[in-house]
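In what follows, chains are A, B, ... by sequence order, proteins preceding strands, each numbered from 1. Scope of the values below: all heavy atoms of this structure, side chains included, with no hydrogens, waters or symmetry mates. What you see is a predicted model; the values in this text were computed from it and never measured.
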There are 2 protein chains.
Amino acid sequence: MARSSTSARPAPQTRIQKAKREAIFDAALDVFSQHGFRGATLDMIAAGAGLSKPNVLYYFEGKEAIYTQVLAQILETWLDPMLNMDPAGEPLEEIRGYVRRKLEMAREYPRESRLFATEILQGAPQIKSLLSGALRDLVEKNGQVIAGWAAEGKIADVHPKHLIFMIWATTQHYADFRTQIDLVLGTGEDPFPDAQHFLDHMFTRMLNPDT
Amino acid sequence: MARSSTSARPAPQTRIQKAKREAIFDAALDVFSQHGFRGATLDMIAAGAGLSKPNVLYYFEGKEAIYTQVLAQILETWLDPMLNMDPAGEPLEEIRGYVRRKLEMAREYPRESRLFATEILQGAPQIKSLLSGALRDLVEKNGQVIAGWAAEGKIADVHPKHLIFMIWATTQHYADFRTQIDLVLGTGEDPFPDAQHFLDHMFTRMLNPDT
DNA sequence: GTCTATATTCCGATAGAC
DNA sequence: GTCTATCGGAATATAGAC
């Protein structure tokens, strides 16, 4: 009679339970990123996970709990482990490397990008504090590194925070607006190779201190 | 017994009817752009328009009809009257002018931008044909003008379509991700003046043919 | 743990009085 | 034309058998 049966829902214990929770997570990411929170239904998530609806609710307290936990999970990989400029590094390489990693993220994790975009578009009801806290500090810190490089003449004199916004906008665009890009390009081809080359070229031109 | 009472809903006739339809349109744009189609409710729209729910349904055939018509309406001002490069114009001015007008649109019509973004994020179910038709042609045409300028050495040699994507991404970002921008900047200040100057500066650097 | 059946809430749409 | 009241379907969540 120690510590069992006290919590409302089981913490992941056995391998099987963990696997099912992950299947639900994955299906939920699919559904929420495509339809938004309100547009998603438990039936869709259950079907995607290969479970019945009540069985999904055995593992999670409810639809909102699933959404909150999925969002929290993706923020760890999204907000923003890659924004970590080394003041001692080669400035152009540091920034271009960040652009490359962000574009790689957009390519590999488009569902996460779209879910994040949906959350922001709707006013970031669940992650306001994270944006004004941890993310703000991260932008402040890295912005100062960039400003330092500019002051030393190692890169062009650009507004650091808007540069970061521009990197976010241009890279995430290839995940969030992928539908539009594919339809406008018309070809069935992967836009990322061209995008990678284009962005590398453009940020190089923007940051070149010698012009 | 000529032509009355045949259509299911009244076409806008009197001034008052037209005004109420516009009030509904405006409220619907508010609600749909913030919550998406599924997240919006007729009660929200009715409240925003100052009408009862059945009264809203007197003027429109249903929720989906409202959404479709609002979307069609905004596309006229959004997709994309500003993308009209003059081959005989000054290249840098043509492109910078387009950036400026797009950013101005993001500032003046953020609801339209967000509704459009939501529609694309969810796979553009209603406007696929428009994207692969009219918009695709527009990008093709203007892309060739830009490519011509690059071939003549009047601007740097950049990938024209990805340049257009970049303009869309960077300008719309200030409408669609405004919540994030405000929280990250922390100050309550309008980000658009800095954005305007920053983007003008950056696109100038990107397109300068002499480097 | 997992299911079928069902309770409950919410929302789009309609009926009908005025 | 506009309202109150309500129907009917959909979706979240629960009950209870197995």
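Side-chain proximity of Lys63(B) to the nucleotides dC3(D), dA13(C), dA13(D) is greatest for dA13(C). Distance from the side chain of Leu42(B) is smallest to dA13(C) among dC3(D), dC3(C), dA13(C). Checking dT14(D), dT2(C), dG12(C) against every side-chain atom of Leu57(A), the shortest atom distance belongs to dT14(D). In this structure, of dA13(C), dT4(D), dT14(D), it is dT4(D) that holds the atom nearest to the side chain of Pro54(B).
To the nearest 0.5 Å, atoms CG (Leu29(B)) and CD (Gln73(B)) are separated by 9.0 Å.
Side-chain N/O atoms of Arg38(A) include one lying less than 4.0 angstrom from OP1 or OP2 on dC11(C). Within the 4.0 Å cut-off from OP1 or OP2 of dC3(C), not a single side-chain nitrogen or oxygen of Tyr58(A) is found. Taking only side-chain nitrogens and oxygens, Ser52(B) never comes nearer than 4.0 Å to OP1 or OP2 of dT2(D).
The distance from atom CG of Leu51(B) to atom C1' of dG12(C) is 17 Å, rounded to the nearest whole Å. Rounded to an integer number of Å, the gap from Tyr59(B) OH to dT14(C) C1' is 18 Å. As a whole-Å value, the separation of Glu64(A) CD from dT12(D) C1' is 12 Å. Residue Ile24(A) contributes atom CD1, which lies 12 Å from atom C1' of dT2(C) at whole-angstrom precision. Asn55(B) places its CG atom 15 Å from the P atom of dT14(C), with the value rounded to the nearest Å. Per the geometry, NZ belonging to Lys53(B) stands 8 Å off P belonging to dC11(C), to the nearest Å. One atom, CD of Glu61(A), and another, C1' of dT12(D), lie 14 Å apart when rounded to the nearest Å. As rounded to whole Å, 15 Å separates atom P of dT14(C) from atom CZ of Phe60(B).
Toward the 5' end of DNA chain C, the nearer of the two residues Gly50(A) and Asp43(B), judged by each one's closest nucleotide, is Gly50(A).
A ring-centre distance under 6.0 Å is not found for Phe60(B) and Tyr67(B).
In this structure, Ala40(A) reaches the sugar-phosphate backbone alone: every heavy-atom distance under 4.0 Å involves primed, P, OP1 or OP2 atoms, never a base.
Cation-pi geometry between Arg107(B) and Tyr174(B) is not met at under 6.0 angstrom from the ring centre and within 45 degrees of the axis. A cation-pi arrangement, defined by a distance under 6.0 Å to the six-membered ring centre and an angle within 45 degrees of its axis, is present between Lys63(B) and Phe37(B).
Here the side chains of Pro191(A) and Arg178(A) are in contact, with some heavy-atom distance below 4.5 Å.
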